[in-house]
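For clarity, every value in this text was computed on a predicted model and none was experimentally measured. Lettering of chains follows the sequences in order, A, B, ..., and the numbering in each one begins at 1.
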Protein chains: 2
Amino acid sequence: MYRIGELAKQCDVKADTLRFYEKHGLLAPSTRSESGYRLYNQDDVARLRFILRAKAVGFTLNEITELLSIELDKANWACADVKGMVDNKLEQVQIKIAELTQFANSLQHLSNACCGGPDSAEHCSILEALESEDKQLHARNETAHKAQHVKHTKTVKAALT
Amino acid sequence: MYRIGELAKQCDVKADTLRFYEKHGLLAPSTRSESGYRLYNQDDVARLRFILRAKAVGFTLNEITELLSIELDKANWACADVKGMVDNKLEQVQIKIAELTQFANSLQHLSNACCGGPDSAEHCSILEALESEDKQLHARNETAHKAQHVKHTKTVKAALT
DNA sequence: CTTGACCTTAGATTAAACTCTAAGGTTTAT
DNA sequence: ATAAACCTTAGAGTTTAATCTAAGGTCAAG
């Protein structure tokens with residue numbers, strides 16, 4: 001059993017935030033001490049961890065509430081509802097992973113191409129690299145696209161797939 | 001050359017947002033018409049796309065500004081600075097990908113385990129599945145961990161790795 | 001020649017997710 | 001017994017990223 005401050009420290013949030021989550025129905029301590037102190041058990045900790053992970057991953061508190069709300073009256077949800085909802089979130093997450101992966105690729109290519117030395121970055125522009133990205137994507141995707149007189153940098157050519 | 005409304009429509013943002021980005025130094029149209037209309041060229045479009053992608057991926061406008069700012073006075077940045085910064089962002093992105101992937105796994109397992117039928121979800125709780133996740137992770141990571149008297153659901157056992 | 005799209009500045013409003021303050025009281029650890 | 005941690009309600013303030021409103025214009029297409 002953890003008191004609010006302990007849990008806060010353990011999960012690196014403010015006690016305020018925990019009270020905030022309680023007020024908004026995301027996380028209530030499973031018990032209170034005689035004196036009224038909030039007491040959180042392991043399940044509560046796990047629930048908080050879930051909330052924090054979901055948040056880190058880009059879900060809003062509302063969306064998280066939605067996911068968690070099923071718990072509140074399980075009996076009134078059909079299994080199909082639950083599955084639908086989960087699949088929905090799953091799709092969102094997968095889209096995000098794809099976006100992030102693309103982004104990571106660009107950054108990686110750029111990092112590889114960048115000499116990293118003490119010289120001026122004049123010929124090592126992140127922006128040009130990233131700007132060209134779209135064009136290159138288009139070039140790959142639209143097989144019959146107009147020549148767009150794209151301006152390349154030496155670096156860029158090396159930096160991007 | 002696109003005018004503000006055209007660009008807005010094309011990239012699914014409001015014209016307001018574009019003016020907002022301009023005011024905050026993220027994206028200025030490369031030219032203006034004689035009459036003062038903002039005129040955006042392909043590079044501007046690409047830059048906007050980059051901004052939107054970065055945003056979708058969880059970067060704040062400030063962080064994006066930081067990335068783009070290198071462009072503004074390239075000459076004053078050493079290549080090492082640029083590389084350092086890129087590698088930094090890259091690390092952040094990779095952490096996010098890892099988090100998302102874990103999250104996606106949980107959701108996927110749950111979806112697989114859920115019958116998806118019209119019956120009550122009483123025995124198919126997202127929450128219990130996700131709550132157990134942490135414990136299971138701990139169980140895998142801490143080779144010498146105390147037995148924690150973990151409460152499982154039938155569903156959960158099947159749902160999680 | 002009249003809409004609708006655009007321009008300007010400047011400030012108000014919104015939403016999310018906290019974060020803080022006040023004011024007064026109780027509990028726990030040293 | 002004193003300080004630090006907790007409790008309560010209730011409301012104010014903060015940050016981010018817009019979004020909206022006003023007021024007074026200019027521009028371009030049908």
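- Applying the ring-ring contact (aromatic ring centres under 6.0 Å, His included) test to B:Tyr21 and every residue at least two apart in sequence or in another chain returns nothing.
- Evaluation of the salt bridge (charged side-chain N to carboxylate O under 4.0 Å, His left out) rule for B:Asp87 yields no partner, not counting sequence neighbours.
- Separating the CZ atom of B:Phe59 from the P atom of D:dA17 is a distance of 13 Å, rounded to the nearest angstrom.
- At the phosphate of C:dA16, neither OP1 nor OP2 sits under 4.0 Å from any side-chain N or O atom of A:Lys55.
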Under 3.5 Å, N/O pairs linking protein and nucleotides 12-14 of chain D:
none

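- Under a 3.5 Å cut-off, the side chain of A:Glu63 and the backbone N or O of A:Thr60 do form a donor-acceptor pair.
- Where A:Thr60 and A:Glu34 each meet DNA chain C at their nearest nucleotide, the meeting point lying more 5' is that of A:Thr60.
- Listed by first and then second residue, the salt bridge (charged side-chain N to carboxylate O under 4.0 Å, His left out) pairs that reach into residues 17-33 of chain A are A:Asp16-A:Arg19, A:Glu22-A:Arg32, A:Glu22-A:Arg38, sequence neighbours excluded.
- Side chains of B:Leu27 and B:Leu68 form no contact here, defined as non-hydrogen atoms less than 4.5 Å apart.
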Check against side chain to side chain contact (heavy atoms under 4.5 Å, CB included), A:Leu61 and A:His24
CA-CA 9 Å; A:Leu61 295 192; A:His24 289 75; over 6 Å; no
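- Along DNA chain D, the nucleotide nearest B:Asn62 and the nucleotide nearest B:Val13 are compared for position; the residue whose nucleotide lies closer to the 5' end is B:Asn62.
- Look at CG on B:Asp16: it is 16 Å from P on C:dA15, rounded to the nearest Å.
- In this entry the distance linking CZ of A:Phe20 with C1' of C:dA17 reads 5 Å, nearest Å.
- Side-chain N/O atoms of B:Tyr21 include one lying less than 4.0 angstrom from OP1 or OP2 on D:dA18.
- Atom CD of B:Gln10 sits in a crowded spot, with more than 12 heavy atoms from other residues, nucleotides or ligands closer than 6.0 Å.
- Qualifying ring-ring contact (aromatic ring centres under 6.0 Å, His included) partners for A:Phe59, counting only residues two or more places apart in sequence or in other chains: B:Phe103.
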Nucleotide by nucleotide, 5' to 3', does protein get under 4.0 Å of the base (B), only the sugar-phosphate (S), or neither (-) in nucleotides 3-11 of chain D, counting heavy atoms?
--BBSS---
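- Side-chain atoms of B:Arg47 come within 3.5 Å of backbone N or O of B:Leu26 as a donor-acceptor pair.
- Residue B:Leu18 contributes atom CG, which lies 13 Å from atom C1' of D:dT19 at whole-angstrom precision.
- A close approach under 4.0 Å does occur between a side-chain nitrogen or oxygen of A:Thr17 and OP1 or OP2 of C:dT19.
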